[in-house]
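Written below as structure tokens is the structure these notes are about.
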Amino acid sequence: MKNLIQPIKGTREFYPEQMALRNFIYEKVRAVSQAFGYQEWDGPYIESIDLYAAKSGEELVKKQSFVFEDRGGDLVALRPELTPSLARMIAARQNELTFPLRWWSFGPFWRYEQPQKGRSREFFQWNIDLLGVDSPEADAELIAVAAAFLRSVGLDPRRTAVFVNNRRLMDAQFDALDIPHEKRLEISNLIDRRSKMDSAKWDANALELGLNEKQLDAMKNVLGDYDLWKKNEELVRLFAALEALGVKEYVQFDPNIMRGLLYYTGTVFEAFEISGSLKRAILGGGRYDNLLADVGGQPLPAVGFAMGDVVIGIILQESGLVPEFHPSPASVLVTVFDESMLAKSYALSSTLRRAGVNVMVYPEPARLQKQFKFADKMKLRIAITIGPDEAEKGQVAVKDLKSGAQQIVPEDAAVEFVGHLLESQ
RNA sequence: GUGCCUGUAGCUCAACGGCAGAGCGCCACACUGUGGAUGUGGAUGUUGUGGGUUCGAAACCCAUCAGGCACCCCA
């Protein structure tokens, strides 16, 4: 045991129970995506480093990507995000695709980070994007998709919320405060961290970045003004659309949401658990209208978001929202009484399978006690035994493991009897 | 890359300089044609690794590896 080679730091091992959670998230993601008419797609898992160097932030490419040299000497990266692949694939077929385009994807990504709660180096991410429409209503649709997902997994508005802001609105505030353009990125990053820092320290940092006292006070007024959205026509329309879409109770305006990524141009949003142990975004996204042109395509407006599987997985578990784990997909165990009964047991299992029942056969003769214990641990519904007594009369013993009742039925009636038992939940 | 914390049985942990233990789980039996409950018994460890201090180290010191948490960044 001590000599096991350890898995690579930050990678994920999905034992059946974790796999069930991953599949649960995937199923919910798919259902919501399809409910809004989005098409599933995927890109390559490895890409040339150049794809990211063109537009992703330096941090993401240089420090957070798994980069290596292939046998031809080219630098390739395990994809740290999907949007550049999306932009390229769309640009390559821009004249043949039918817009507006609604695409979603769920697949693995890699980032070289320090693993900690809510963060691993290998993770699955849901990406969903609407391309070709530039309107607050399109932004609202994506936020509605996010809210619909939260609702579908059982997270209600008391527990989770989507916080919305708008980059253009904030830029107008920066203009009004005479904050120079070259400082806005750092100040935005600082605003992003505001909820995690104590206020005195935050103030000190802001002054250090070059704000004067007057600007700092005015900035704090802006960041505390939760009615600021009423001054922005885009946000007024956005909230009207959210109300019509039936998700308004999930959404709040918050001027402190900035988001680090450089390419956002308008609406930005992030979903959080309101009172949980985790101060990490469940999902985040926004409008990015310049990206297609940046990678060499025709200009194309776009809005989308991404959700990692790690944070939502922790929240679902901590909230008790993960469905009960069923160790085995089978509902029936056919026991093996002894060597001479092996063939009969296999034959019965085959008959049941052809009738559409998921069936396991105990793989060797063993004490029935052991076999029933196994069936119990695997949470199977039914155990069937064919011993000498049954075999002699052409019968089988069917036991309902939930009620404990066992019934002897003719062999050729077994399929029907098992079917009834399984239907009776 | 920086800081703090933790590595003891399959799991959760105790022992904090003096014989390495408990609970859960596992296996067997009570009960050789039937699971969940109960009882009895049993197996499992180079105490992460390497070195040092000491009559004596799981414990103290150094190094190293691994993990967790936070910073950074972000899904």
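Please read these numbers as outputs of a predicted model, since none were measured by experiment. Lettering follows sequence order; numbering is per chain, from 1. What's counted below: heavy atoms across the whole structure, side chains too, no hydrogens, waters or symmetry copies.
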Under a 4.0 Å threshold between the charged nitrogen and the carboxylate oxygen, would [Y] count as salt-bridged to [X]?
X	Y	result
A:Arg151	A:Asp156	no
A:Arg30	A:Glu27	yes
A:Arg22	A:Asp309	no
A:Glu47	A:Arg88	yes

Sticking with atom [atom1], work out how far [N] lies from [M], rounded to a whole angstrom.
N	M	atom1	result
B:C61	B:G21	P	25 Å
B:G56	B:G17	C1'	8 Å
B:G45	B:U40	C1'	25 Å
B:G23	B:U44	C1'	15 Å
B:U49	B:C65	C1'	7 Å
B:G10	B:C71	P	34 Å
B:A14	B:A22	P	16 Å
B:U47	B:U8	P	11 Å

[atom1] of [X] versus [atom2] of [N]: gap in Å, rounded?
X	N	atom1	atom2	value
A:Ile191	B:C73	CD1	P	14 Å
A:Leu190	B:C72	CG	P	10 Å
A:Phe337	B:U32	CZ	P	12 Å
A:Gln114	B:A75	CD	P	18 Å
A:Gln116	B:U2	CD	P	15 Å
A:Arg367	B:C27	CZ	C1'	12 Å
A:Arg79	B:A75	CZ	C1'	13 Å
A:Asp192	B:A75	CG	P	10 Å

Is there a side-chain polar atom (N or O) of A:Lys117 under 4.0 Å from OP1 or OP2 of B:G68?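 It does not, given that no N or O in the side chain of A:Lys117 lies less than 4.0 Å from OP1 or OP2 of B:G68.
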
For a quick test of reading the model: is some side-chain N or O of A:Arg193 closer than 4.0 Å to OP1 or OP2 of B:C72?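 Affirmative; the distance criterion is met.
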
If pairing requires Watson-Crick or G-U wobble contacts with both distances under 3.5 Å, which nucleotide is the partner of [N]?
N	result
B:A22	B:U12
B:U34	none
B:C60	B:G52
B:G67	B:C5

Tell me whether the centres of the aromatic rings in A:Trp104 and A:Phe36 are closer together than 6.0 Å.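 For A:Trp104 and A:Phe36, the ring centres are not under 6.0 Å apart.
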
Check: A:Phe149 ring centre within less than 6.0 Å of A:Phe305 ring centre: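 Ring-ring flag for A:Phe149/A:Phe305: false, centres at least 6.0 Å apart.
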
Identify which nucleotide among [options] has an atom closest to any side-chain atom of [X], counting heavy atoms from C-beta outward.
X	options	answer
A:Arg111	B:C74, B:C31, B:G33	B:C74
A:Ala281	B:A75, B:C29, B:C73	B:A75
A:Arg119	B:G33, B:C74, B:C72	B:C74

Has A:Phe109 got its ring stacked on B:A75, by the test of a centre gap below 5.5 Å and a plane angle below 30°?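 No; centroid distance or tilt outside limits.
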
Per-nt protein contacts along nucleotides 34-39 of chain B (heavy atom under 4.0 Å; B base, S backbone sugar-phosphate only, - none) come out as BBB---

Under 4.5 Å between any side-chain heavy atoms of A:Arg194 and A:Lys220, yes or no?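 Touching, per the 4.5 Å side-chain cut-off.
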
How is A:Ala306 classified with respect to the nucleic acid when contacts are heavy atoms under 4.0 Å: base, sugar-phosphate, or nothing?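 Here A:Ala306 touches the backbone only, sparing every base.
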
At under 4.0 Å between heavy atoms, what does A:Asp389 touch on the DNA or RNA strands: base, sugar-phosphate, or nothing?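 If one applies the 4.0 Å heavy-atom cut-off, A:Asp389 turns out to touch a base.
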
Considering non-hydrogen atoms only, spot the tightest contact between A:Pro365 and A:Gln371 and give its length.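 Heavy-atom minimum between the residues: C-NE2, 4.4 Å.
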
Taking the six-membered ring for Trp, are A:Tyr264 and A:Tyr288 parallel (under 30°), tilted (30 to 60°) or perpendicular (over 60°)?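 The arrangement is perpendicular - the two ring planes meet at more than 60°.
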
On RNA chain B, nearest-nucleotide positions of A:Asp309 versus A:Pro115: which is more 5'?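 Comparing both residues, the 5'-ward one is A:Pro115.
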
Does A:Ile8 or A:Gly308 map to a spot on RNA chain B nearer the 5' end, using the closest nucleotide for each?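 Taking each residue's closest nucleotide, the earlier one in sequence belongs to A:Ile8.
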
